[in-house]
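Numbers restart at 1 for each chain; the letters A, B, ... are given by sequence-line order, proteins then strands.
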Number of protein chains: 2
Amino acid sequence: MAIGPSSRGTLSRQVLADHVYDELMVAFMDGRLEADEALNIDSLARDLEISQTPIREALARLESTGLVIRTALKGYRVAPLFSLEEVVELMNARQLIEPENAFLACSRSTDALVAQLEQTIVDLDRSSEQADSVATIRPYWQADERFHRLIAESTGNRFLLAAYTALGGHVQRFRLFGGLGVSDAGPAIAEHTRVLDAFKAGDADAARAGMDEHICGVRTRAVADAAGEH
Amino acid sequence: MAIGPSSRGTLSRQVLADHVYDELMVAFMDGRLEADEALNIDSLARDLEISQTPIREALARLESTGLVIRTALKGYRVAPLFSLEEVVELMNARQLIEPENAFLACSRSTDALVAQLEQTIVDLDRSSEQADSVATIRPYWQADERFHRLIAESTGNRFLLAAYTALGGHVQRFRLFGGLGVSDAGPAIAEHTRVLDAFKAGDADAARAGMDEHICGVRTRAVADAAGEH
DNA sequence: ACGGAAAACTTCCTATAGGAAGAATGATCC
DNA sequence: GGATCATTCTTCCTATAGGAAGTTTTCCGT
């Protein structure tokens with residue numbers, strides 16, 4: 001399991017549950033938690049050296065992200081592996097929402113947003129070169145997530161952001177337990193750049209189309225990846 | 001606040017937090033909780049005659065529905081009133097997702113689904129006649145919610161359902177704290193029926209169009225309602 | 001009387017210990 | 001060897017106690 005004690009030495013006037021939430025998130029990203037693994041409240045409390053209450057709260061919140069599954073009277077587990085079917089479903093769902101997000105965000109884009117998006121692509125590029133294991137791939141996924149989330153946050157519609165967030169957790173799960181390592185980096189960077197170019201040009205329709213192609217690309221590569229594996 | 005002790009006499013081998021969750025939901029629907037009201041963990045525990053732990057867990061889960069807001073170190077509150085701006089945003093978000101849900105659900109519809117949808121419209125009709133106060137309007141909202149949720153559940157895409165769920169809580173909040181009482185019933189029933197007719201005919205495009213019109217209608221009436229109030 | 005400081009109170013958050021119920025495991029007895 | 005029962009483990013829930021921060025009330029000095 002490998003969840004170490006939390007290093008909350010300083011200024012711990014922060015809610016402990018938030019800390020646990022972050023800690024678990026990092027553990028997910030670093031691949032220290034396997035799919036379907038049981039998440040024992042007692043063990044976690046022991047490992048993190050805090051009481052059960054904040055653990056329960058963090059897990060309850062994590063459940064709505066899809067990374068964690070709760071069975072009544074049985075406890076929490078890490079979400080299971082992604083099936084190919086699920087990957088397709090997830091991409092279909094993203095394809096409904098994210099192109100429109102890109103359209104809206106581009107329609108009301110600012111220089112600051114363009115700069116931020118550009119930064120995520122730089123990060124994506126840099127981290128793709130350095131990623132060579134499950135542990136070092138985290139910055140790559142973070143940059144990817146940040147790109148999509150920035151766009152969702154810039155739609156000016158908090159409910160579209162909520163809808164994206166509902167999918168975002170599952171996207172994380174896909175990244176972790178579904179497939180596509182850094183092998184995806186080349187095409188993904190190109191596709192992100194295409195979207196960014198549309199933002200720079202202020203062409204909202206092109207932004208939508210670019211995002212659509214990107215999601216299509218991810219799906220295609222994921223399916224191909226799964227087909228080439230068996 | 002008016003949350004009575006939970007009547008869990010029998011077979012209480014059920015997770016207590018689920019019970020609290022349901023109890024709070026019903027309290028919402030019955031209008032026993034006002035917008036922005038503080039949700040005191042201690043008080044709730046006293047009123048429901050259980051300890052704090054299941055309360056915390058239920059509230060943590062409710063937070064992801066948008067009906068409850070948590071501020072770190074301050075506690076939980078009932079979500080605030082809907083502003084007109086938010087209503088428009090919510091409807092725009094629904095308009096992106098729900099027509100497509102209708103299209104997909106219609107494409108793979110069954111007789112059973114049609115029957116269930118028809119039942120929700122019957123319920124909607126019946127409860128709209130009987131609803132005369134905030135307390136008796138609950139069945140009306142339930143029938144409305146059930147119609148939309150049934151469709152989301154029948155898309156065959158669990159992530160679209162997740163996205164709908166992310167919005168669904170806010171739709172509840174809109175119903176409660178945004179506006180449109182049973183005055184909405186006439187047009188709403190007609191629009192739901194239109195969608196149902198498309199399902200009966202197996203015309204997925206018409207189902208999508210019908211749902212699109214329905215959401216448009218809700219938005220238009222909500223905006224008109226708000227304009228006529230000041 | 002009034003402003004400000006101290007005390008009391010409330011509320012959230014944390015911690016710890018333990019009980020009840022179900023599941024899994026192993027031991028005993030036929 | 002197989003079935004039954006006891007033990008152990010896990011998990012949920014309860015109870016309680018206390019710390020920290022904010023808020024209200026009270027009280028004192030000017």
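- Note on ring orientation: taking the six-membered ring where Trp is involved, the planes of F147(B) and H192(B) are parallel (angle under 30°, cut-offs 30° and 60°).
- When the side chain to side chain donor-acceptor pair (under 3.5 Å) test is applied to E153(A), no partner is found at least two apart in sequence or on another chain.
- The distance between atom CG of D42(B) and atom C1' of dC12(C), rounded to the nearest whole Å, is 8 Å.
- With sequence neighbours left out, Q95(B) forms a side chain to side chain donor-acceptor pair (under 3.5 Å) with D212(B), R219(B).
- A straight line from CZ of R77(B) to P of dC12(C) spans 10 Å, rounded to a whole angstrom.
- For the pair R70(B) CZ and dT11(C) P, the interatomic distance rounds to 18 Å; values are reported in whole Å.
- When the nucleotides dT14(D), dT14(C), dC12(D) are ranked by their closest atom to the side chain of I50(B), dT14(D) comes out on top.
- Scanning for side chain to side chain donor-acceptor pair (under 3.5 Å) contacts around Q52(A) gives D42(A), with sequence neighbours left out.
- For P54(B), the side-chain atoms get nearest to dT14(D) when compared with the rest of dT11(C), dT14(D), dT14(C).
- Here the side chains of I151(B) and V195(B) are in contact, with some heavy-atom distance below 4.5 Å.
- Within the structure, every side-chain polar atom (N or O) of S51(A) is placed at least 4.0 Å from both OP1 and OP2 of dT14(C).
- Distance, Y21(B) OH to dC13(D) P: 16 Å, rounded to whole Å.
- Counting only heavy atoms from C-beta on, T53(B) has its side chain closest to dT14(D) among dT14(D), dC13(D), dT14(C).
- Under the side chain to side chain donor-acceptor pair (under 3.5 Å) criterion, Q116(A) pairs with no residue, sequence neighbours left out.
- Put simply, N40(B) has no side-chain N or O that comes within less than 4.0 Å of OP1 or OP2 on dT10(C).
- The interatomic distance linking I41(B) (CD1) with dT10(C) (C1') rounds to 13 Å, in whole Å.
- Inter-axis angle, ends of the helix from dA1(C)-dT30(D) to dC30(C)-dG1(D), five pairs per end, rounded to 10 degrees: 20°.
- Counting to the nearest Å, the P atom of dT14(D) and the CG atom of L48(B) are 11 Å from each other.
- One interatomic measurement links the two molecules: CD of Q52(B) to C1' of dC12(D), which rounds to 16 Å at whole-angstrom precision.
- Taking atom OH of Y76(A) as the reference point, atom C1' of dT10(D) lies 15 Å away to the nearest angstrom.
- Residues forming a side chain to side chain contact (heavy atoms under 4.5 Å, CB included) with A188(A) (at least two apart in sequence, or on another chain): Y140(A), D184(A), H214(A), R221(A).
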